[in-house]
Protein chains: 2
Amino acid sequence: MLQQKGYKSTNQREEILNILFENKNEHLSCEDVHKIISKEKKDIGIATVYRTLQLFEKLGIVYKINFDDGVTRYELNTEAENHHHHHLICTQCGKVTEVKLDLLESLEHEIEIEEGFVVSDHDAKFYGICKECKNKEK
Amino acid sequence: MLQQKGYKSTNQREEILNILFENKNEHLSCEDVHKIISKEKKDIGIATVYRTLQLFEKLGIVYKINFDDGVTRYELNTEAENHHHHHLICTQCGKVTEVKLDLLESLEHEIEIEEGFVVSDHDAKFYGICKECKNKEK
DNA sequence: TTGTGTGCAAAAATTTTGCAGGTCA
DNA sequence: TGACCTGCAAAATTTTTGCACACAA
């Protein structure tokens with residue numbers, strides 16, 4: 001991995017990166033990552049997990065997200081899609097799913113014209129009832 | 001105020017509500033609210049501020065927002081606009097401004113069709129460079 | 001070797017909670 | 001009066017930090 005931006009490649013950093021890859025569609029908190037590490041026999045100090053994820057964020061490897069549950073979560077920045085971050089949060093069961101649709105471009109364009117604000121990224125959360133919960137109601 | 005939803009009207013709750021009104025365009029944390037109260041001679045326990053803002057959120061009086069600075073913030077739910085929550089966050093100076101545009105409706109419609117997810121609210125943050133910082137660069 | 005990185009434990013920061021007493025309806 | 005509210009301080013949670021030691025380059 002390209003830690004050749006002036007940072008060293010260490011076992012801890014590689015391990016944490018692995019975990020992020022293996023849980024691509026999760027939104028892990030530092031605590032979560034640390035628990036997974038513990039389960040896999042290895043052991044890394046929780047402080048290192050915090051420091052590493054902060055570093056990864058600075059380097060653009062992960063994004064920070066917050067679902068108002070009291071902890072900061074991170075997700076891999078899969079630069080395949082350009083910028084993104086659309087989450088559907090079910091207010092009934094709490095499930096979080098991702099959406100790929102990127103219709104915010106027109107909105108961003110409008111913001112740029114109306115407000116003179118140059119958008120470089122966004123983070124959108126939609127609250128509502130997911131398909132499963134909706135079906136259950138019937 | 002309509003605390004007649006089964007909750008009592010107390011001095012503390014009214015005072016906190018006043019502060020929210022007087023700072024309509026701010027995004028206050030519990031700490032912020034508590035500091036403002038202290039400045040205005042009055043004194044309310046910080047625990048009460050936390051409990052009151054949680055109550056207000058449950059009652060739909062305020063919205064919870066999070067700008068990844070480690071604290072939960074609240075803003076008045078001005079039901080004038082339907083649902084909303086668009087914030088422009090300048091990555092240079094940190095300033096947060098509101099946008100009124102509501103172009104997310106078409107996106108919500110699409111989400112409903114594609115994912116079967118019924119959207120009831122959203123929260124969108126746009127990161128970028130604000131007008132002032134952009135001008136400064138030149 | 002040498003500057004970075006790590007682990008530990010202590011500290012900080014934010015939020016929650018138990019309980020005794022106070023207040024509103 | 002009686003249930004609800006508040007204040008305080010203690011506790012719980014999450015995150016940060018200092019420092020001695022370890023390790024990658």
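A, B, ... follow the sequence lines: proteins, then strands. Residue 1 opens every chain.
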Measure [atom1]/[X] against [atom2]/[N] and give the value in whole Å, please.
X	N	atom1	atom2	result
A/Lys64	D/dT14	NZ	P	16 Å
A/Glu15	C/dT6	CD	C1'	15 Å
B/Arg13	C/dT23	CZ	C1'	11 Å
A/Asn66	D/dT14	CG	P	12 Å
B/Tyr7	D/dT6	OH	C1'	16 Å
B/Lys58	C/dT16	NZ	C1'	15 Å
A/Asp68	C/dT15	CG	P	11 Å
A/Lys5	C/dT4	NZ	C1'	18 Å

Can you list the steps and then say if A/Arg73 with A/Lys64 is a side-chain contact (heavy atoms from CB on, under 4.5 Å)? CA-CA 6 Å; A/Arg73 297 173 176 283; A/Lys64 218 195 253 185; over 6 Å; no

Answer yes or no: is there a side-chain heavy-atom contact under 4.5 Å between A/Tyr127 and B/His122? no

Is [X] close enough to [N] that one of its side-chain N or O atoms is under 4.0 Å from OP1 or OP2 there?
X	N	answer
B/Gln12	C/dT23	no
B/Thr10	D/dT6	yes
B/Ser9	C/dC24	no
A/Gln54	D/dT15	no

Just call it for A/Thr72: base, sugar-phosphate, or nothing, with non-hydrogen atoms closer than 4.0 Å on any strand. sugar-phosphate

Between A/Ser9 and A/Glu14: side-chain donor-acceptor atoms closer than 3.5 Å: yes

Can a side-chain donor-acceptor contact be found between B/Glu98 and B/His86 if the only test is distance below 3.5 angstrom? no

Go nucleotide by nucleotide along DNA chain C from the 5' end; which of A/Asn11 and A/Lys8 gets its closest nucleotide reached first? A/Lys8

Could you identify which residues of residues 34-51 of chain B place a heavy atom less than 4.0 Å from some atom of DNA chain C, listed by residue number, or say none? B/Ala47, B/Tyr50, B/Arg51

Between B/Ile65 and B/Glu75, does the side-chain contact (heavy atoms from CB on, under 4.5 Å) criterion hold? Intermediate values first, please. CA-CA 7 Å; B/Ile65 36 176; B/Glu75 72 177 8; 3.8 Å; yes

Produce the list of close N/O pairs, under 3.5 Å, pairing protein atoms with atoms of nucleotides 10-13 of chain D; give distances to one decimal.
none

Joint cluster assignment, A/Ile89 & A/Phe126, ILVMFWY side-chain distance < 4.5 Å: no

When the ring centroid of A/His34 is compared with that of A/Tyr50, is the distance short of 6.0 Å? no

Is the distance from the ring center of A/His27 to that of A/Phe67 below 6.0 Å? yes

Any residue meeting side-chain contact (heavy atoms from CB on, under 4.5 Å) with B/Ser106, in chain and number order, not counting sequence neighbours: none

